[in-house]
Amino acid sequence: MGIYVNQLGYLPNAKKAASSTFPCNFQLINAENQHSIFDGTTSSAMEDPASGEKIYPIDFSGVTTPGRYYILAGNGERSHAFQICNDVYEKLKHDLTKVFYYQRCGCPLENEHAGIYTHAACHTAPAIFLEDYLTGTPDPESFDMAGGWHDAGDFGRYTSPGAVALAHLLYAYELFPQNLQMNLNIPESGNALPDLLNECLYELKWMLKMQAPSGGCYHKLTSFNHADFVMPEDDHAPFLIYPVSSMATADFAAVMALASRVYAGLLPDFSQTALEASRRAWNWLEANPYTGFHNPEGSNTGEYDDVSDLDERLWASAELLRTDKTNTEGYLKRLLEYSQRDISKTDFGWTDVSGFATLTILFDPLHSAKKLESGYRKVLFAEADRLCRLQEVSGYELAMTPEDFVWGSNMVVCNRSILLILASLLSEGNSAIHYREAALNQLHYLLGRNALDISYVTGFGEHAFKNPHNRSTFADGIDLPMPGWVSGGPFKTPCDPAAEAAIAPGTPPMKCYVDDVGSYSTNEITIYWNSPVVFMTAFF
Ligand code: G3I
Ligand code: 9MR
Ligand code: ZN
């Protein structure tokens, strides 16, 4: 039995809703003085397929007075406490962004910037090619590949996931620069750049090292197998440069074009470097077909394999068309060609980046792809309307079907929120409000309005998850993880020993989650699960 709320809270002028598992009369109680300021009754029951629960929705949108509250039912059940206030997501936005600094590889994290979460420089030894490692080449050529962000709870650094995380962050900055000026207290703070761009630059500079002389980009830089649960500086396994893949190359081409644009007025030299790297990657793509990626026998680091690179090529062509005016016809030709293919146009994850193409086409002030705009608009609104319908039949106003709870389902939730935000930005009047509310509902789910009554962001909410599958969190001897991490979240077919032990077969998808450090398939953290939420909070 429970009443589930966004445990962080609500904006005063937004819709405010909660989910109860039982019908009741309820009061909204001021948590400071225990006075009741509102009373209401749950609405009629809804069967919620993703959680297997019968849900009785609660609405208290009428309350707009800032304060700290909880919901109290007639039977004595109460919800977690939450805020109503104007800057309710400010600190969240800051901490969600700060964790990218904690993922930095190749430099020490000093007390001045990292607080208690310090560690020595990690993974600074030169890397060698996988091929040389496998064949045991004596004295193999080695390369300085240091830098970038650790991908996740592991120490690997992978080109495509890095590009996707950067894309969420850089598009957020491009759309809402005024909301992303926060000081992150990182080594570069106080220079001429906003800290968000300082942090992204740390990853971008590393990513430039991932481009081979051919213009193609290496798929990943990892050890042969995942490290034990040690601090990063205690992991001394050799780091290996894996072969070039077309997926990595196309994601690289796209994100470097985007970066070239975002940094143009601020760091002209870097902007030029990024553009040239993007063009070289594009030329490689034009000369080379799809190349998949598979781990060699015996290796277990992330695969990030993709059966198609069309969506990546689509994104690269759209980005370059917008940014690079030296080959307009060449990019447009490919963009038209890929656009006609039967692929999604609305995803923002590592397997499917097509939504970034839609974003860049529809938000280009130069209208570089003018004749494609109406088609892309239609596709975007069709998907936004589908998501609105999904959340209308969900007891949690969540735009997910039971099948959508894949590994990292919270990313699916958040990327859907991004799509709804884009629909809101492209609409006016009541439609704009409608899409915005739907987008915000997804944040409420993430922060506690869900069947497990849990906030999937560390440090935010009375019942926030605490045990991410993250090597440094485990090995640092500090009780709590740093605040601001987003968990991967429920996975309908969990596949790690910790989750298999904790989750009974037949558990509904929304409940297939365990806050256990061992559960990599439900409770890991990654850079590209945090980045969409930075986008969301920057908008809200
Ligand atoms: O693509 C299929 C889709 O067609 C199908 O409908 C769906 C049904 O389950 O599955 C989809 O494939 C899933 C794929 O992710 C794409 O979402 C796989 O089942 C699922 O196993 C796969 O999980 C990935 C996981 O690695 C295992 O490969 C996660 O997305 C990905 O985030 C995760 O990434 C790991 C890295 O390997 C290493 N670093 C940490 C990171 C996070 O756990
Ligand atoms: O810790 C690893 C995690 O970061 C990855 O996402 C996951 C999938 O690649 O793999 C985890 O490592 C596990 C490995 O795959 C199997 N042996 C146990 C490892 C975790 O303790
Ligand atoms: Zn490292």
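Counting convention: from 1, in listed order, for ligands and their atoms alike. FYI, the numbering just counts along the sequence from 1.
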Atom name in His123, limited to N/O/S, at shortest distance from the Zn ion (ligand 3):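 This residue's closest N, O or S atom turns out to be ND1.
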For the Zn ion (ligand 3), what is the closest N, O or S atom on His150?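 That would be atom NE2.
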Step by step, work out the ring pair (Phe, Tyr, Trp, His ring centres under 6.0 Å) result for His236 and His123. CA-CA 7 Å; His236 299 294; His123 307 115; 8.3 Å; no
With a 4.0 Å cut-off, would you call Arg386 and Glu383 a salt bridge?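 Between Glu383 and Arg386 there is a salt bridge, with a charged N closer than 4.0 Å to a carboxylate O.
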Taking [atom] as the reference point, report whether a protein heavy atom occurs under 4.0 Å from it.
atom: atom 38 (C) of ligand 1; result: yes
atom: atom 30 (O) of ligand 1; result: yes
atom: atom 4 (O) of ligand 1; result: no
atom: atom 41 (C) of ligand 1; result: yes
atom: atom 13 (C) of ligand 1; result: no
atom: atom 21 (O) of ligand 1; result: yes

What's the spacing between [X] [atom1] and [Y] [atom2] if we round to 0.5 Å?
X: Glu392; Y: Leu387; atom1: CD; atom2: CG; answer: 11.0 Å
X: Thr159; Y: Trp206; atom1: OG1; atom2: CH2; answer: 4.5 Å
X: Ser189; Y: Glu112; atom1: OG; atom2: CD; answer: 9.0 Å
X: Asp251; Y: Met210; atom1: CG; atom2: CE; answer: 12.0 Å

Starting from the C-alpha separation in whole Å, work towards a yes-or-no answer on salt bridge (Lys or Arg N to Asp or Glu O under 4.0 Å) for Asp385 and Arg389. CA-CA 6 Å; Asp385 292 338; Arg389 287 193 298 275; 5.5 Å; no
Report the C-alpha distance between Phe143 and Phe129 in whole Å, list the side-chain angles of each, state the deciding distance to 0.1 Å, and finish with yes or no for ring pair (Phe, Tyr, Trp, His ring centres under 6.0 Å). CA-CA 9 Å; Phe143 303 84; Phe129 281 118; 5.0 Å; yes
Where is the nearest protein heavy atom to [atom]: which residue, which atom, and how far?
atom: atom 32 (O) of ligand 1; answer: Tyr528 OH, 2.6 Å
atom: atom 43 (O) of ligand 1; answer: Glu524 OE1, 2.8 Å
atom: atom 7 (C) of ligand 1; answer: Val406 CG1, 4.1 Å
atom: atom 19 (O) of ligand 1; answer: Phe491 CZ, 4.8 Å
atom: atom 8 (C) of ligand 1; answer: Lys492 NZ, 3.8 Å

Quick check: Asp151 and ligand 1, any N/O pair under 3.5 Å apart?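 Yes: some nitrogen or oxygen of Asp151 is under 3.5 Å from one in ligand 1.
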Polar-atom distance check: Asp154 versus ligand 1, any N or O pair below 3.5 Å?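 Yes, at least one N or O pair falls under 3.5 Å.
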Per-atom contacts, ligand 1 versus [X] - under 4.0 Å to a heavy atom:
X: Trp529; value: 32 (O), 42 (C), 43 (O)
X: Tyr158; value: 38 (C)
X: Gly302; value: 36 (C), 37 (O), 38 (C)

Steps toward salt bridge (Lys or Arg N to Asp or Glu O under 4.0 Å) verdict (Arg416, Asp404): CA-CA 11 Å; Arg416 289 179 175 185; Asp404 292 330; 2.7 Å; yes
Just one of Gln103, Lys98, Arg104 clears the side chain to side chain donor-acceptor pair (under 3.5 Å) bar with Glu199, so which one?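 Result: among Gln103, Lys98, Arg104, Arg104 is the only option passing the side chain to side chain donor-acceptor pair (under 3.5 Å) with Glu199.
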Output, in order, the C-alpha distance, side-chain angles, deciding distance and verdict of side chain to side chain contact (heavy atoms under 4.5 Å, CB included) for Leu8 and Tyr89. CA-CA 8 Å; Leu8 183 56; Tyr89 308 132; 3.8 Å; yes
Would you check, one step at a time, whether the test salt bridge (Lys or Arg N to Asp or Glu O under 4.0 Å) holds for Asp154 with Arg471? CA-CA 6 Å; Asp154 63 323; Arg471 284 169 170 68; 5.7 Å; no
Selected option - heavy-atom contact closest to atom 16 (C) of ligand 1, from Tyr304, Trp350, Trp407: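 It is Trp350 that holds the nearest heavy atom.
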Ligand 1 versus Phe405, non-hydrogen atoms closer than 4.0 Å: side chain, backbone, both, neither?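 Contact part for Phe405 vs ligand 1: neither.
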Distances only, to 0.1 Å: what are the N or O pairs between ligand 2 and the protein that fall under 3.5 Å?
| unit_1 | atom_1 | unit_2 | atom_2 | d |
| --- | --- | --- | --- | --- |
| ligand 2 | 1 (O) | His469 | NE2 | 2.6 |
| ligand 2 | 1 (O) | Arg471 | NH1 | 2.9 |
| ligand 2 | 1 (O) | Arg471 | NH2 | 2.9 |
| ligand 2 | 4 (O) | Glu524 | OE1 | 3.3 |
| ligand 2 | 4 (O) | Glu524 | OE2 | 2.6 |
| ligand 2 | 6 (O) | Glu524 | OE1 | 2.6 |
| ligand 2 | 9 (O) | His226 | NE2 | 3.2 |

For residues Arg313 and Ser246, report the shortest heavy-atom separation together with the two atoms involved.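 Heavy-atom minimum between the residues: NH2-CB, 3.8 Å.
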Classify the ring geometry between Phe176 and Phe539 as parallel (under 30°), tilted (30 to 60°) or perpendicular (over 60°).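 Tilted.
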Under the ring pair (Phe, Tyr, Trp, His ring centres under 6.0 Å) rule, what do Tyr396 and Tyr445 come out as? Steps first, then yes or no, please. CA-CA 7 Å; Tyr396 302 87; Tyr445 166 88; 7.2 Å; no
